[in-house]
Protein chains: 2
Amino acid sequence: MNIGQAAEASGVSAKMIRYYEQIGLIEPPARSQSGYRVYAEPNVHTLRFVRRARSLGFSVEETGALLALWRDRSRASADVKTLALKHVAELEEKAAALQAMAATLRHLASHCHGDKRPDCPILDKIGSPN
Amino acid sequence: MNIGQAAEASGVSAKMIRYYEQIGLIEPPARSQSGYRVYAEPNVHTLRFVRRARSLGFSVEETGALLALWRDRSRASADVKTLALKHVAELEEKAAALQAMAATLRHLASHCHGDKRPDCPILDKIGSPN
DNA sequence: CTTGACCTTCCCATGATGGGAAGGTGTAGC
DNA sequence: GCTACACCTTCCCATCATGGGAAGGTCAAG
């Protein structure tokens, strides 16, 4: 399987596959005589793992840690859980920050007439000298 | 006022002030004979506006649009409100995405024993072949 | 044997921010 | 006036994850 098929099969773009290889997140695959990367099913499985970890918001570095645990058959599930819950806390913190911004702005907007006149509590507040 | 004092007074770092000037978000300030940037109160006011807009999650580009409206005394408040509500929607969308990740992961973690054994539904799920 | 789809590596760009180097300026204390 | 130190200037580099694209090699179908 060439990189294009591996990309198709895993949902990770060819560009990203090369990048993940370059930074050492995944193992370099075999090469054909002409230098093409050749992927087998286990490689694709790893790529899917990476894609899913990324889609759960893990950074590439955290994904590397998860990958190491995944491959380590003598891992303690406590280590995985700790990593996961720490990440959950970070996600929730970021979500809360975004929601706080949204709430503030929504509140300001609710007091804005939204017509042709220039008076606007949104700008007033952002530009207030406090 | 030199850039250090302006940074202090506005809460925007000197590095960022220079950057905002470079990309055209803010006007280049006056210069002293020796080439130092010289800021007056209106400049600091603008910088504070920028800082607040950024802290509400507006991108630098959106901040530029807000700044233009802020300076335009014949603006329609509807334009500001539209911009703000569009941004609120984006913020809420991002927050929801983060929370969905957190919920998924929290759910998986709740099924993980978190002990010395290797069995772990978190890794199982991330690595599942689906 | 040509064509087109694929592959390779290499470089550049994004967005917002910080770090740091090399060198000039301004001021306080002696 | 001289020294020390804090500040300023510009310039380059790094981050994080991703995409774009160029220049050139490979492969399979017609």
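Nothing here was measured: the structure is a model prediction, and the numbers come from that model. Sequence lines set the chain letters: A, B, ... in the order given, protein chains first and strands last, and positions in each chain run from 1.
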Go along nucleotides 1-12 of chain D 5' to 3' and tag each nucleotide: B for a protein heavy atom under 4.0 Å from its base, S when only backbone or sugar atoms are that close, - otherwise. ------BSBBB-
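Close to C/dG18, at under 4.0 Å from its OP1 or OP2, lies no side-chain N or O of B/Tyr19. Residue B/Ser59 places none of its side-chain N or O atoms closer than 4.0 Å to OP1 or OP2 of C/dG15.
What separates NZ of B/Lys94 from C1' of C/dG15 is a distance of 11 Å, to the nearest Å. Taking atom CD1 of B/Ile17 as the reference point, atom C1' of C/dG18 lies 15 Å away to the nearest angstrom. At whole-Å resolution of the value, CE in B/Met16 and C1' in D/dT15 are 12 Å apart. Protein atom CD of B/Gln22 is 13 Å distant from nucleotide atom P of C/dT17, rounded to whole Å. Going from atom CD of A/Glu8 over to atom P of C/dC7 covers 11 Å, rounded to whole Å.
Between B/Lys86 and B/Glu90 there is a salt bridge, with a side-chain nitrogen of the basic residue lying less than 4.0 Å from a carboxylate oxygen of the acidic one. The pair B/Asp115-B/Arg117 meets the salt-bridge criterion, since a charged nitrogen lies less than 4.0 angstrom from a carboxylate oxygen.
By the 30° and 60° cut-offs, the orientation of the rings of A/Phe49 relative to A/Trp70 is parallel.
No more than 12 heavy-atom neighbours from other residues, nucleotides or ligands sit within 6.0 angstrom of NE2 on B/His113.
Residues satisfying the ring pair (Phe, Tyr, Trp, His ring centres under 6.0 Å) criterion with A/Tyr20, sequence neighbours excluded, are absent altogether. Not counting sequence neighbours, B/Lys116 has no partner by the salt bridge (Lys or Arg N to Asp or Glu O under 4.0 Å) test.
Using a 4.0 Å heavy-atom distance criterion, A/Ser13 is classed as a sugar-phosphate-only contact.
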